[in-house]
Amino acid sequence: MQPVANGNAVNLSASNPCDADHASSPINNNCNHKYELDSSSAAVAATPNYKQELTESDFQDSSALEKSTVIPIAQVSLLDVGKKPFLYGLRTHKHYITLTILLTLFTDMVSYGIIIPIMPSIIEHMGGDSTKTGVLVAVYAAGIMSASPIFGMISDKMASRRLPMMIGLTGLLTSTVIFMFAKVYWLLIIARFFQGVSGGAVWTLGLALMTDSFPASEMGIQMGKSLIGHTMGMLGGPPIGGLLHDAYGERAPFYFCIAFILLVMTALGCLIEVRADEALELREFDAELRERARAKGIEYKVPVKTSLWRIITTKRMIAAVTVTTLEAFDLSSLEPTLPFYLRDRFAMTEGQIGLVFIAFTLPTIVSPLAGWVSDRYGAKILCSTAVIICACFMLVLSIENKPLWGIVLNLVGIGLATSSFIAPILGEISAVVRRTGDSAAYARAFAIFNMAFSFGMLIGPIIAGYIYQHHGFKWNCITTACILFFFVPVMIMWMGNRKQKMEDIAMYEREEEERQMMLADVKLIKAERKAAEELNAATLCQPAV
């Protein structure tokens with residue numbers, strides 16, 4: 001059989017061994033290759049019995065390498081074989097992924113909050129007032145709300161979440177440096193806006209990466225672990241900023257933020273997205289997978305595309321967005337009013353007020369427990385109960401003439417309740433997307449979550465500040481409690497219960513089983529390409545007859 005040396009294909013039925021003694025062209029100089037079978041691919045030796053030298057597992061369902069099959073050389077690609085990257089097990093471990101996202105959320109929120117206590121003094125040096133301070137807070141929220149959907153759509157079109165997250169962190173680093181050296185107010189506006197843009201990228205993509213990395217049965221507990229960083233950064237930022245400013249100067253808080261941003265960028269750079277690599281392979285071999293499915297008589301699922309409107313109008317998503325907004329509203333309504341209340345009533349200093357805020361931060365340790373509960377019983381019972389408890393603590397906080405220890409205990413209770421809000425919500429959002437059938441919509445869904453949280457952070461201080469100024473701290477707490485009570489029916493009616501949670505897990509497991517079957521087919525296709533390439537090379541070494 002004459003091999004086609006100058007065309008695009010060779011006939012695989014050629015079986016004469018390569019003979020170096022007959023070499024008469026440069027092609028024949030490669031005839032001394034030895035083809036061996038390793039553990040990860042099927043390799044072909046240049047012998048008449050090449051088909052027997054393929055592993056049965058690689059070709060048990062294959063009909064591609066029949067004796068007269070012609071395979072285009074242009075389509076043949078080498079199977080990537082080699083050692084795994086350095087510390088592969090650690091860099092793909094679920095605990096490392098969770099820790100990286102925890103640090104990312106902490107860095108984002110601490111960069112937001114650490115500037116709050118020093119912002120008034122910075123603006124006063126520029127001849128500004130409290131109105132300009134409020135504008136900076138609003139600009140941050142505007143940055144998040146404008147950037148989140150953009151990064152969501154970009155990320156859902158990409159296999160990797162890590163690259164756009166790195167871009168977001170680079171923007172956060174740049175904005176922090178600008179804020180540190182800014183001498184005019186308009187530079188602060190720019191820095192704060194891009195700080196919000198970076199926050200939108202970090203939150204949207206970080207949560208999507210968590211969804212990519214964990215099964216539905218673990219989503220709540222893993223999200224709960226990562227959210228410890230969010231709450232610690234949000235509530236710990238102001239006291240950290242005040243203490244660093246007083247102890248080491250006005251630039252110390254910025255150095256702290258820069259150090260954490262660089263740490264997170266390093267951790268994120270080391271992380272390996274196994275899921276992203278698999279998604280790229282599935283996209284690359286989509287045509288072959290369709291052919292195989294057709295040959296086996298299996299229905300090949302065409303990817304479904306869904307819109308933001310369909311996601312956000314789902315009842316479970318409406319309930320999730322409501323709880324997200326309430327959590328942000330609850331915390332941000334106390335941020336600007338509680339320091340004034342403690343200062344006016346107890347004559348406390350900034351450092352002492354910062355210590356009181358720790359009462360909010362400590363209860364974040366219950367977030368993983370809340371996620372564990374939601375993984376087993378659904379989000380409805382946990383979220384509705386936590387919102388009711390939080391509202392009750394707000395009512396108790398409104399009682400006048402309480403001792404300081406009573407206020408601290410109330411804050412601990414509020415922190416426990418609010419820490420139980422979000423972990424179940426993230427699992428709910430994942431379930432909403434999964435039920436649409438669009439596996440590429442997770443980042444867009446978390447962009448909606450991010451926008452809802454930003455909206456709560458935006459309106460919380462405005463409403464609370466107005467009520468505190470005109471009616472006092474008591475009515476601020478009562479108003480917040482009434483708002484929380486008002487939305488409880490939405491959670492009871494529309495959030496997922498235990499039965500729906502079990503259905504979500506079953507749906508995830510079916511999808512995962514299908515995905516693993518497709519990945520197995522990809523491995524088989526790559527092995528076939530490898531075998532075809534080596535057989536082509538061996539055949540081209542043979543002399544013309």
Side-chain angles (χ1 to χ4, degrees), residues 231 234-235 238 319-346 348 353 355-367 369-370 373 379-425 452-453 455-495:
T231 311
M234 180 178 182
L235 300 176
V321 167
T322 300
V323 175
T324 302
T325 306
L326 288 177
E327 197 254 5
F329 177 84
D330 179 40
L331 294 178
S332 62
S333 65
L334 288 175
E335 247 183 9
T337 58
L338 185 60
F340 286 101
Y341 176 72
L342 295 174
R343 186 193 64 184
D344 296 341
R345 184 175 173 198
F346 299 101
M348 297 179 69
I353 293 173
L355 293 176
V356 173
F357 266 85
I358 295 177
F360 273 131
T361 308
L362 290 178
T364 57
I365 58 174
V366 306
S367 291
L369 177 61
V373 173
K380 177 184 292 187
I381 185 171
L382 181 61
C383 285
S384 56
T385 303
V387 170
I388 292 172
I389 292 174
C390 183
C392 292
F393 275 114
M394 291 297 295
L395 288 177
V396 175
L397 189 61
S398 69
I399 299 174
E400 297 178 338
N401 301 321
K402 292 186 303 299
L404 181 60
W405 62 266
I407 294 175
V408 171
L409 287 179
N410 268 272
L411 295 178
V412 171
I414 294 171
L416 284 169
T418 52
S419 296
S420 303
F421 283 15
I422 298 300
I425 291 305
F453 192 88
F455 179 71
M457 290 181 65
L458 180 62
I459 64 174
I462 296 174
I463 295 175
Y466 176 84
I467 295 174
Y468 181 85
Q469 183 177 354
H470 292 85
H471 304 286
F473 186 72
K474 171 184 176 180
W475 285 102
N476 178 44
C477 296
I478 292 175
T479 302
T480 302
C482 291
I483 292 174
L484 292 174
F485 279 128
F486 180 80
F487 285 101
V488 169
V490 175
M491 302 168 214
I492 295 176
M493 290 187 298
W494 291 347
M495 294 197 78

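The analysis underlying the following values was restricted to heavy atoms, covering all of them including side chains, and did not include hydrogens, waters or symmetry mates. Please read all numbers here as calculations on a predicted model, not as lab measurements.
For the pair Trp494/Thr322, no side-chain contact is recorded, criterion being any heavy-atom separation below 4.5 Å from C-beta on. Side-chain contact between Met394 and Thr479 is absent, with no heavy atoms from C-beta onward closer than 4.5 Å. Proximity of Leu338 to Leu411: side-chain heavy atoms (C-beta onward) are separated by under 4.5 Å at one or more points. Within the 4.5 Å cutoff, no side-chain heavy atoms of Met495 are placed close to those of Ser384. Side-chain contact check for Leu484 versus Val488: every heavy-atom pair is 4.5 Å or farther apart. In this structure, Phe487 and Leu326 have side chains that are in contact, with non-hydrogen atoms separated by less than 4.5 Å. With contacts defined as side-chain heavy-atom distances shorter than 4.5 Å, the pair Leu404/Arg345 does not qualify. Counting heavy atoms from C-beta outward, Phe393 and Leu416 have side chains that stay 4.5 Å or more apart.
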Open item on the list: Run Ile388 and Phe485 through side-chain contact (heavy atoms from CB on, under 4.5 Å) and show every step you take.
Closed with: CA-CA 6 Å; Ile388 292 172; Phe485 279 128; 4.2 Å; yes
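The shortest heavy-atom contact between Ile407 and Lys402 is CG1-CE, 4.0 Å. Of all heavy-atom pairs spanning Cys383 and Pro424, the tightest one is SG-CB, 3.8 Å. Closest heavy-atom contact between Ala452 and Thr325: O-OG1, 3.4 Å. Heavy-atom minimum distance, Thr337 versus Gly465: CG2-N, 4.3 Å. When every heavy atom of Cys390 is checked against every heavy atom of Ile414, the shortest pair comes out as SG-CG2, 4.1 Å.
Between Phe473 and Tyr468, the ring planes are perpendicular. Angles over 60° get that label, and only those under 30° would be called parallel.
The 12-atom threshold is not exceeded at CZ of Phe486, counting heavy atoms of other residues, nucleotides or ligands nearer than 6.0 Å.
The CZ atom of Phe346 sits 5.5 Å away from the OH atom of Tyr341 when rounded to the nearest 0.5 Å. The line from CD1 of Ile467 to CH2 of Trp475 is 10.0 Å long, rounded to the nearest 0.5 Å. From Leu397, atom CG reaches atom CD1 of Ile478 across 10.5 Å, with rounding to the nearest 0.5 Å. Between atom CE of residue Met491 and atom CG of residue Leu382 there is a gap of 11.5 Å, rounded to the nearest 0.5 Å. Distance CD1/Ile462 to OG/Ser333: 12.5 Å, rounded to 0.5 Å. Note that OG of Ser420 and CG of Leu369 are 7.5 Å apart. Values are rounded to the nearest 0.5 Å.
Side-chain contact annotation: Asp330 with Thr418, donor-acceptor N/O pair under 3.5 Å absent.
The main-chain N or O of Tyr466 is found under 3.5 Å from a side-chain atom of His470 such that the two form a donor-acceptor pair. No side-chain donor-acceptor contact under 3.5 Å links Lys474 to the backbone of Ser398.
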